[in-house]
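One structure below.
Whatever order the structure lists ligands and atoms in, that order sets their numbers, starting from 1. The basis for the numbers below is simple: all heavy atoms, side chains too, and nothing from hydrogens, waters or symmetry mates. Residues take their numbers from the sequence shown, with the count starting at 1.
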Amino acid sequence: MRKSMALLILILGIQFAGLTQTQSEKPKLVVGIIVDQMRQEYLYRFKDRFVEGGFKRFSEQGFMLTNGHYNYIPTYTGPGHASVYTGTTPATHGIIANEWYNRQLGKFVYCAEDSTVSHVGGTAENGKISPRNLLTTSITDELRFATAKRAKVVGIAIKDRGASLPAGHTGDAYWYDSSNGEFMTSTYYYSAETLPKWVSDFNAKKIPDSYLKQTWNPLFPITTYKNSLPDDNAFEGMFVGKTSPTFPYHLDSLKSSNGGYGLISSTPYGNSLTLDFSYAAIEGEKLGQRDETDFLAVSFSSPDYIGHRFGPSSVEVEDNYLRLDQELAKFFDYLDQKIGKGQYLVFLSADHAVAEVPAYMVSERVPAGNFNSGMLSGQLKGFAMAMYGEGNWVLSYSNEQIFLNKDLAKEKKIDFVQMQRDFADFVLRFRGVKEAYTATDLRSQEFTKSRPHLLQMGYNHKASGDVLLVLEPAWLTGGQRGTTHGSGYSYDTHVPISFYGWGIKPGQSSEYTTVTDIAPTLAILLKIKFPNGTTGNPIRSIVQ
Ligand code: ZN
Ligand code: ZN
């Protein structure tokens, strides 16, 4: 009896295995795509002219979370990349901004800086990069650990932080050196003195030189860009040496006055270059062509540079997305060939979205404004002197946080909790400031919704400031032209979260989802551990 039972189970087991053979046990490759500054709405606004097989793979063949958000303040690039890949927020992973004032050191630190390492390839000034400031593991780390590091992880971006934070502590990372036009890494990642051969072969082709000879013209007749403002308007920033923010952009003549090789970052050719290097990485490292699941983490930095300069309602931004869409379609076709249809898993997200240009909003009678942080800094010092006498009371005002001199307060026997409160009350007098919270507020209670919750998720006990400001909607620190991001409002938090390929059934959900849910979702799909600081949850509609 027992024997036949065992036989039956065996036969059933074999049959079951046979039935599921179409879906392999694990994907050959995971491709993480972050589009720097991409809003969810772009997937709809530009859809009419998207080709088959680009962004439409996510909206039509993948699973799209239409209500995906950042769940902390501030929404910047470093924290954004860290949060997607670690499944948690700055409160836990420690990347509280792109750069922030460090009390212990008495100076600013950059999120991906590491003075103990040096450049491999590229130039010395761009090589002191590692993920050492990231306090938790990433999903890419967990994939490495789950496979005794057989799985390969490669992070790629023009921005160093867009490559190094996604690659985690144990992956490889390559970024673009804007000084010499090469992709480079640091000794943190690579102990040899020279770059891997596939990287130096790529650099030897001098691809940036050919892009920088191009003229950026719109892909379609300019009169057909109906989803954007007219090309010539008063809200867009300009390249140095150009008197209007209008097409065409002759890169050859703009190059010397606009950052040399760095100019490529501010054009759609930056996306092309990022993909050129991604193809080289897949070939060079044989990603997705071995027995283990590999991970390619690509971040497109150029949409952010273009968006800052021209704003989200510009023809330039629209054209950038139409071009990126076509390049992604080619890339996915290549992956279909190289890795195999259904054999790779892709996700798409952004590291934050973006605000409208305040001057444009004002011109449409929407309350908005530019906040003058230099002026506030001066006023804070004056206020401190009047309240507490001579002394270096305000150590820094940065990232909309005030860092106060706790040691001096102790020395002069001033109640530090009250001092925070005084500053919070003082800043509320300024136009454009909506709310102010003290570090004591954020440490002594748990906020569960709205702005204080977002601030708390971005508040790191050791690293963050003593008073945290929230500006009014549509207010930001910047000039008359161009725009930025960083707030907790939906225009900055609402980003694409979408999955496509291996293990993903097509569908859509408008359930509130956060970017910190991406990593635990991947962990469930890949059957590996969650990153060690995870606070997000697997997305139910995908993993069930
Ligand atoms: Zn960014
Ligand atoms: Zn940005």
Side-chain angles (χ1 to χ4, degrees), residues 32-40 42 68-86 89-90 93 95-100 110-112 129 131 133-134 155-167 173 175-176 178 235-237 259 262 264-268 270-271 274 297-314 316-317 320-321 324 348-358 370-371 373 398-400 458 471 476-479 481-489 491-497 515-516 518:
I33 297 178
I34 301 238
V35 181
D36 204 312
Q37 206 190 94
M38 185 173 184
R39 288 174 165 183
Q40 167 71 10
Y42 295 157
H69 290 269
Y70 272 82
N71 55 337
Y72 60 83
I73 297 171
T75 44
Y76 296 134
T77 298
H81 284 83
S83 300
V84 167
Y85 281 86
T86 61
T89 66
H93 63 57
I95 305 295
I96 60 164
N98 286 332
E99 45 193 352
W100 62 89
Y110 172 62
C111 60
I129 297 296
N133 291 323
L134 184 69
I156 293 170
I158 282 184
K159 293 182 184 178
D160 50 45
R161 60 188 179 279
S164 71
L165 298 169
W175 54 94
Y176 180 65
S178 58
F235 316 117
E236 300 180 6
I264 209 163
S265 318
S266 299
T267 75
N271 301 326
T274 305
V298 185
S299 172
F300 294 100
S301 309
S302 291
D304 183 65
Y305 291 102
I306 297 167
H308 276 290
R309 186 184 303 267
F310 298 105
S313 297
S314 61
E316 285 82 353
V317 162
N320 167 69
Y321 279 94
L324 178 57
L348 169 74
S349 195
D351 56 342
H352 50 75
V354 72
E356 266 303 340
V357 180
N370 287 105
F371 190 71
S373 61
S398 47
N399 300 312
E400 278 139 29
L471 300 183
L476 50 86
T477 304
R481 289 171 178 266
T483 187
T484 194
H485 46 84
S487 80
Y489 297 112
Y491 51 80
D492 279 340
T493 64
H494 191 189
V495 293
I497 298 179
V515 297
T516 55
I518 295 172

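- Side-chain contact annotation: S313 with E356, donor-acceptor N/O pair under 3.5 Å present.
- A donor-acceptor contact under 3.5 angstrom links the side chains of S487 and D492, judged on distance only.
- For the pairing with H352, the side chain to side chain donor-acceptor pair (under 3.5 Å) check across T493, T77, T484 returns one residue only, T77.
- Checked against the Zn ion (ligand 1), the N, O or S atom of H352 at the shortest distance is NE2.
- The Zn ion (ligand 1) has an N, O or S atom of T77 under 2.8 Å away, backbone or side chain.
- Distances from the Zn ion (ligand 1) to each N, O or S atom of D351 single out OD2 as the nearest.
- Both the sub-6.0 Å distance and the 45° axial angle are satisfied by K159 relative to the ring of Y305.
- If you look at D36 and ask which of its N, O or S atoms sits nearest the Zn ion (ligand 1), the answer is OD1.
- Side chain of S83 to main chain of T516: no donor-acceptor pair is present (N/O by atom type, distance under 3.5 Å, no hydrogens or angles).
- Within D304, the N/O/S atom positioned nearest the Zn ion (ligand 2) carries the name OD1.
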